[in-house]
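Let me begin by presenting the structure, written as structure tokens, before commenting on it.
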Amino acid sequence: MNCKHLLIALAAAASLAHAADTPGSNPSAPPPPTVAERMAQARKAIDAGDWRRALSELNTAARVEPRNADVHNLLGYSYRKQATPDITKAFEHYYIALRLDPKHNGAHEYIGQAYLMEKRPEEAQKHLVQLESICGNKTCPEYVTLAKAMADYKPAAK
């Protein structure tokens with residue numbers, strides 16, 4: 001074997017040795033879950049009221065796809081619905097979702113709900129108007145749900 005072939009063989013061996021030591025490079029290991037799979041797991045966790053698991057799945061999904069409006073919308077929802085709501089984080093993610101997709105029905109509904117929690121029905125009303133415009137009617141599910149929440153809204157006595 002001449003020097004050139006020896007150098008190529010050594011370089012190939014070093015590359016293989018490095019790849020075997022690199023975390024996550026095990027070819028027999030299953031691939032990490034996709035964002036869609038993480039969202040499906042998060043929805044199951046949400047249905048079960050397991051906010052910690054939902055937030056874990058959704059925060060990982062947001063790191064993988066930071067421009068996914070659906071992920072941010074569900075993050076906002078999860079932060080808002082947990083036992084001790086983190087309304088600041090909820091608003092942060094609703095704003096991101098709406099910046100990414102200004103016509104995101106779910107984000108408009110959920111941010112409207114968050115505004116009602118904060119005793120700001122005038123802000124919720126703005127999102128109800130947006131939903132009517134986006135849907136083209138007052139019958140889409142998000143409009144109906146937010147309209148009902150607003151009709152049921154009664155601010156706490158001062």
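Values below: all heavy atoms of this structure, side chains included; hydrogens, waters and symmetry mates excluded.
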Matching residue for Leu98 among Gln130, His108, His93 - test: side-chain contact (heavy atoms from CB on, under 4.5 Å): His108
Cluster link Tyr115 to Ile134, ILVMFWY, side chain under 4.5 Å: no
Asn73 side chain to Gly76 backbone, donor-acceptor under 3.5 Å: no
Candidates Lys126, Arg120, Lys119 - the one meeting side-chain hydrogen bond (donor to acceptor under 3.5 Å, both in side chains) with Glu123: Lys126
Least distance between heavy atoms, Ala97 atom then Ala69 atom: CB-O, 3.5 Å
Non-hydrogen atoms of Met39 and Asp70 that approach each other most closely: CE-CB, 3.7 Å
Minimum-distance pair of heavy atoms, taken over all atoms of Tyr94 and Arg80: OH-NE, 2.9 Å
Separation between CD1 of Ile111 and NE2 of His127, rounded to the nearest 0.5 Å: 4.5 Å
Side chain Arg53, main chain Gln41, donor-acceptor under 3.5 Å: yes
Stepwise side chain to side chain contact (heavy atoms under 4.5 Å, CB included) check, Asp152 with Lys148: CA-CA 6 Å; Asp152 294 345; Lys148 180 178 181 336; 2.6 Å; yes
Glu37 side-chain N/O to Thr34 backbone N/O, donor-acceptor pair under 3.5 Å: yes
Salt bridge (Lys or Arg N to Asp or Glu O under 4.0 Å) between Arg43 and Asp47, intermediate numbers included: CA-CA 6 Å; Arg43 283 187 174 96; Asp47 290 343; over 6 Å; no
Hphob cluster co-occupancy, Val64 + Leu55, side-chain heavy atoms under 4.5 angstrom: yes
Linked, directly or transitively: Val144 and Leu116 (ILVMFWY side chains, under 4.5 Å): no
Atom of Ala61, atom of Arg38 and distance for their closest heavy-atom approach: N-CD, 4.0 Å
Glu132 CD to Thr139 OG1 distance, which is reported to the nearest 0.5 Å: 10.0 Å
Hydrophobic cluster identity match, Leu75 and Tyr95, side-chain contacts under 4.5 Å: yes
Closest contact, heavy atoms only, Ile87 versus Ala114: CD1-CB, 3.9 Å
Aromatic plane relationship, Tyr77 with Tyr110 - under 30° parallel, 30 to 60° tilted, over 60° perpendicular: tilted
OH on Tyr79 to NZ on Lys89, rounded to 0.5 Å: 4.5 Å
ILVMFWY network linking Val129 to Met150, side-chain heavy atoms under 4.5 angstrom: no
Value rounded to 0.5 Å, distance of CD in Glu109 from OG1 in Thr145: 4.5 Å
Nearest-0.5 Å distance that lies between atom CZ in Arg99 and atom CG in Asp101: 12.5 Å
Close side-chain approach of Glu118 and Phe91, heavy atoms under 4.5 Å: yes
OG on Ser78 to CZ on Arg52, rounded to 0.5 Å: 13.0 Å
Closest approach of Asn68 to Val35 (non-hydrogen atoms, all atoms of both residues): ND2-CG1, 3.8 Å
Backbone of Ser56 reached by a side-chain donor or acceptor of Thr60 within 3.5 Å: yes
